[in-house]
Amino acid sequence: MGKYTQETLMQLIEEEGVEFIRLQFTDMFGTLKNMAVTVNQLERAFHRQCMFDGSLIEGFMGIGETDLCLSPDLDTFQIFPWRPQQGKVARLICDVYRPCGEPFEGDPRFILKRAVKQAEEMGYTFQVGPECEFFLFHTDDNGLPTTTTHEKAGYFDLAPLDLGENARRDIVLSLEDMGFVVESSHHEVAPAQHEIDFRYDNALTTADNIMTFKLAVRSIAKRHGLHATFMPKPVFGVNGSGMHTNMSLSRDGKNLFADKQDLHGLSKEAYQFIAGVLAHIKGMTAITNPIVNSYKRLVPGFEAPMYLTWSVSSQSPLIRIPATRGEGTRIELRCPDSACNPYLTLAVCLAAGLDGIQRKLTPPDSVDCNLYQLSEQERQKRGIERLPADLGEAIEELKKDTFIQEVLGKHVTERYLEAKTAEWVQYRSQVTDWEIGTYLYRC
């Protein structure tokens, strides 16, 4: 049973003095969208009468089949603490439906809910905890974003080196006002780079929280005169931003990945889940790392993973098993970045892991050394494969993996591949400053 009924929610809205509601949903590419209504119009939303033109949302629908409607999830009600406290502004996250009452198959939230339902039918609850990294940059005289920062802070540094400390503190306090349990926040390795981690939760809540988190970070950074970006690699020569994704399965409140009798403290389900993710990761990468810039992060020298390995001790593999055992046992997938659509990313991660369990797959041996110190010949001898090197390769791998296509569904698969192929073609046709600087004088 949910936290709210329509009646109790309307009572809370009146008590809190909320006057404006943002009905939010997420498009195929992970961009937050919304329709704003006054409280007087909220009754229409409860009855799915808030319609919009789906053909104007990229990847949703084609011309001639346009009408979609929003159905608010009442339990996602949150008041924005950074908005005025008189005439408060709140939000409701919505599912997208067709006018006939059927869920819209192109809604990323629906795709995750479908994957979660499959897990529940197998007796599993999927728990997820993200590690969200981002940069805080200056804006120019017109308020437009730059990649400029005056700070030189590094990992775990504090003020006065960390010039974003005040903004990060306000972000954390605002998130807590919205019900987040923020476990830690700190400066990351690169200048102007930050990380805020919030508590594990079920997959759908976590995906909703990631979208809320990104909105809060950007909104509060702007109040500090800064621009927050989740672009994976905005600055050459420094670490990029990832979204390491910690995952576990539970049944009846018990962590199914833990087995104290095992050498590594892992259960057979944990090993099978790892094997499933490794089996499908190439086909998943266009989802977990969705833009051209994502692959500028996945290069040697900056702590990002490149190779399809797992380990309980090394910091360089694709899948790491953090040291905590027992109920804290989890699998950390290190390739995703925050440019991804969290609903689609968690859906494919869950489905791939469940496929490993259903097929009783066995992962390769763990690789507990620094992968970047191995020669290419040594990696080949060990049979170590690598992630797609760029978006073009990732697109081709997604085309091959019919299982991941089934998770996404025909509608999203076709539109996603079409859009990403166009993005890749457009990028390949660009002439960059590096090319001009390298070739103009010598050719």
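The basis for the numbers below is simple: all heavy atoms, side chains too, and nothing from hydrogens, waters or symmetry mates. Residue numbers count from 1 along this sequence.
Note that K214 lies in the cation-pi zone of F230, set by a 6.0 Å cut-off to the ring centre and a 45° limit from the axis. Seen from the ring of Y97, R48 counts as a face-on cation partner, given the 6.0 Å and 45° thresholds. The cationic group of K420 lies under 6.0 Å from the six-membered ring centre of Y416 and within 45° of the ring axis, placing it in a cation-pi geometry.
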Could you walk me through whether Q11 and E7 pass side-chain hydrogen bond (donor to acceptor under 3.5 Å, both in side chains), step by step?
-> CA-CA 6 Å; Q11 182 179 353; E7 293 75 19; over 6 Å; no
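Note that CD of E332 and CD1 of I319 are 10.0 Å apart. Values are rounded to the nearest 0.5 Å.
Using a 4.0 Å cut-off between a side-chain N of Lys or Arg and a carboxylate O of Asp or Glu, E183 and R199 do not qualify as a salt bridge. Under the 4.0 Å criterion applied to side-chain N and carboxylate O atoms, R415 and E418 are not assigned as salt-bridge partners. The residues E385 and K282 are annotated as salt-bridged, a charged nitrogen and a carboxylate oxygen being separated by less than 4.0 angstrom. The pair K399-E396 meets the salt-bridge criterion, since a charged nitrogen lies less than 4.0 angstrom from a carboxylate oxygen.
Aromatic ring orientation, F25 versus F60: tilted (interplanar angle from 30° to 60°).
Under the ring-ring contact (aromatic ring centres under 6.0 Å, His included) criterion, the residue pairs touching residues 186-211 are F134-H194, Y155-H186, F156-H186, F180-F198, H187-H194, F198-F213, with sequence neighbours excluded.
D390 and Y427 are not linked by any side-chain donor-acceptor pair at a separation below 3.5 angstrom, with hydrogens and angles left out of the test.
In this view, D95 and R109, K113 satisfy the salt bridge (charged side-chain N to carboxylate O under 4.0 Å, His left out) rule, not counting sequence neighbours. For R330, the side-chain hydrogen bond (donor to acceptor under 3.5 Å, both in side chains) partners are N246, not counting sequence neighbours.
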